[in-house]
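Below is one structure, written out as structure tokens, with a few remarks after it.
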2 protein chains.
Amino acid sequence: MNIQFKKGVLEICVLSVLAHKDCYGYELVAEISKRIDISEGTIYPLLHRLKDDGHVTTYLQESAGGPPRKYYRLTESGRKEEHEQKEEWTRFAASVNALLEGKNHAAD
Amino acid sequence: MNIQFKKGVLEICVLSVLAHKDCYGYELVAEISKRIDISEGTIYPLLHRLKDDGHVTTYLQESAGGPPRKYYRLTESGRKEEHEQKEEWTRFAASVNALLEGKNHAAD
DNA sequence: TTAGGTATCTTGTGATGCAAGATACCGTGT
DNA sequence: ACACGGTATCTTGCATCACAAGATACCTAA
């Protein structure tokens, strides 16, 4: 898979999964990996950025067989961001598809 | 527009436009900008990369009111690359869309 | 001669994904 | 007791690529 395609897209993927349910980092990797390869070295810095930006809050929860899990929950700002980025992705993907199909007139 | 979304995508956009007709750099910026913002500082390094990789060849042609234009033409390798990257983009976009719609089971 | 449109190119900066590895918890098998 | 593997979080250094800003230069028209 082209690594460059993922730039910026993984963020909206994380926001979108979190919009459905709270997750911990390791779980997000598993969820998103069903569709798109993503590694732990990517998810943790991304989650820290989201927290710094106020789009998520965190809480710890014990797990059965392993260290405690840090769950991430969308804030109001995070939900707004998820909505906006989703729209932006949709517009962007439509533009690219139009270009690739040769429909190269802005009105199409 | 989210700059990160464009990473890697502008390359397939350029290949796709060149698949329809030979273009010079300035013209490519104008063509692609109908759909997606792209600047000259992006297109020239990108075109040099494509040339280094053997995906395009170039030829000079005089212009009426300005310096000569450097036209870019796809090579056989470039056409193959255009085809492969187009498929990869389509698969990628479909995966992202499925994720954003919550259809998060690889079989969907 | 000055200004602006056309056209190519380079430099430095910023964003972000990844590989690789460190750390640590826990249960199972030897 | 000990080692191992699965679970879980995190950091460091690297590579890629888009962009802003600017340099260069050609030509026409005011």
Side-chain angles (χ1 to χ4, degrees), chain A residues 1-15 22-33 35-53 55-56 58-72 81 85 88-89 92 95-96 99, chain B residues 1-15 22-33 35-53 55-56 58-72 85 88-89 92 95-96:
Chain A
M1 182 175 331
N2 187 331
I3 293 177
Q4 300 302 321
F5 284 169
K6 305 181 200 173
K7 295 286 172 75
V9 177
L10 293 180
E11 181 171 321
I12 172 60
C13 289
V14 166
L15 289 172
D22 294 1
C23 287
Y24 52 101
Y26 202 76
E27 186 184 14
L28 278 168
V29 171
E31 276 296 313
I32 295 176
S33 289
R35 297 289 189 176
I36 301 167
D37 287 337
I38 184 173
S39 70
E40 294 155 30
T42 302
I43 206 90
Y44 291 110
L46 200 170
L47 287 168
H48 292 330
R49 281 202 300 279
L50 290 177
K51 192 174 183 187
D52 287 345
D53 293 344
H55 297 321
V56 298
T58 59
Y59 56 94
L60 285 175
Q61 201 161 295
E62 289 177 33
S63 84
R69 296 163 173 167
K70 187 186 279 187
Y71 278 83
Y72 293 82
E81 187 72 11
Q85 285 203 27
E88 194 170 346
W89 159 260
F92 176 77
S95 294
V96 173
L99 249 175
Chain B
M1 185 177 325
N2 186 332
I3 292 176
Q4 301 301 322
F5 284 169
K6 303 183 200 173
K7 295 287 171 74
V9 177
L10 293 180
E11 181 171 321
I12 172 60
C13 288
V14 165
L15 289 171
D22 295 1
C23 286
Y24 52 101
Y26 201 77
E27 185 183 15
L28 278 167
V29 172
E31 276 297 311
I32 296 175
S33 289
R35 298 287 189 179
I36 301 167
D37 287 338
I38 185 173
S39 70
E40 293 155 30
T42 300
I43 206 90
Y44 290 110
L46 200 170
L47 287 168
H48 292 330
R49 281 201 299 279
L50 289 177
K51 192 174 182 185
D52 287 345
D53 292 343
H55 297 320
V56 298
T58 58
Y59 55 94
L60 284 175
Q61 201 160 295
E62 288 176 34
S63 84
R69 296 163 173 168
K70 186 184 282 187
Y71 278 82
Y72 292 82
Q85 285 204 26
E88 195 170 345
W89 160 259
F92 176 77
S95 294
V96 174

Going by side-chain contact (heavy atoms from CB on, under 4.5 Å), L99(A) matches just one of I32(B), I12(B), V14(B). Which one?
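Going through I32(B), I12(B), V14(B) one by one, the side-chain contact (heavy atoms from CB on, under 4.5 Å) with L99(A) is satisfied by I32(B) alone.
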
Under 4.0 Å between any heavy atoms, over every strand shown, what does G41(B) touch: base, sugar-phosphate, or nothing? Just pick one.
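Counting heavy atoms under 4.0 Å across all strands, the contact made by G41(B) includes a base.
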
Per [X] side chain, nearest of listed nucleotides [options]:
X	options	value
S39(B)	dT6(C), dC18(C), dA20(D)	dA20(D)
E40(A)	dC25(C), dA7(C), dC10(D)	dC10(D)
I3(B)	dT7(D), dC19(D), dC10(D)	dC19(D)

What is the distance from [atom1] of [X] to [atom2] of [N], rounded to the nearest Å?
X	N	atom1	atom2	answer
Y44(B)	dA23(D)	OH	P	18 Å
Q61(B)	dT6(C)	CD	P	18 Å
I43(A)	dT9(D)	CD1	C1'	12 Å
D52(A)	dT16(C)	CG	P	12 Å
L46(A)	dA15(C)	CG	C1'	12 Å
E27(A)	dT7(D)	CD	P	13 Å
K70(A)	dT23(C)	NZ	P	18 Å
I38(A)	dA19(C)	CD1	P	11 Å

Is there a side-chain contact between [X] and [Y] in this structure, where contact means two heavy atoms from C-beta onward sitting under 4.5 Å apart?
X	Y	value
L15(B)	L50(B)	yes
L47(A)	T58(A)	no
K51(B)	H48(B)	no
Y24(A)	Y59(A)	no

When you match G66(B) and Y71(B) each to their closest nucleotide on DNA chain C, which lands nearer the 5' end?
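Whichever sits nearer the 5' end wins; that is G66(B).
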
Excluding sequence neighbours, so at least two apart, what forms side chain to side chain contact (heavy atoms under 4.5 Å, CB included) with F92(A)?
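Listed in chain order: W89(A), V96(A), M1(B), F5(B), K6(B), V9(B), I36(B), W89(B).
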
Identify the heavy atoms of Y72(A) and V56(A) that sit nearest to each other, and give their distance.
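Closest heavy-atom pair between Y72(A) and V56(A): CD2-CG2, 3.9 Å.
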
Side-chain N or O of H48(A) less than 4.0 angstrom from OP1 or OP2 on dT11(D)?
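Checking H48(A) against dT11(D): at least one side-chain N or O falls below 4.0 Å of OP1 or OP2.
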
Under 4.0 Å between a side-chain N or O of Y24(A) and OP1 or OP2 of dT9(D)?
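The answer is no; no side-chain N or O of Y24(A) sits under 4.0 Å from OP1 or OP2.
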
Distances for protein N or O near nucleotides 15-17 of chain D N or O, under 3.5 Å:
| from | atom 1 | to | atom 2 | distance (Å) |
| --- | --- | --- | --- | --- |
| dT16(D) | O3' | Q4(A) | NE2 | 3.3 |
| dT16(D) | O2 | K7(A) | NZ | 3.4 |
| dC17(D) | O2 | K7(B) | NZ | 3.3 |

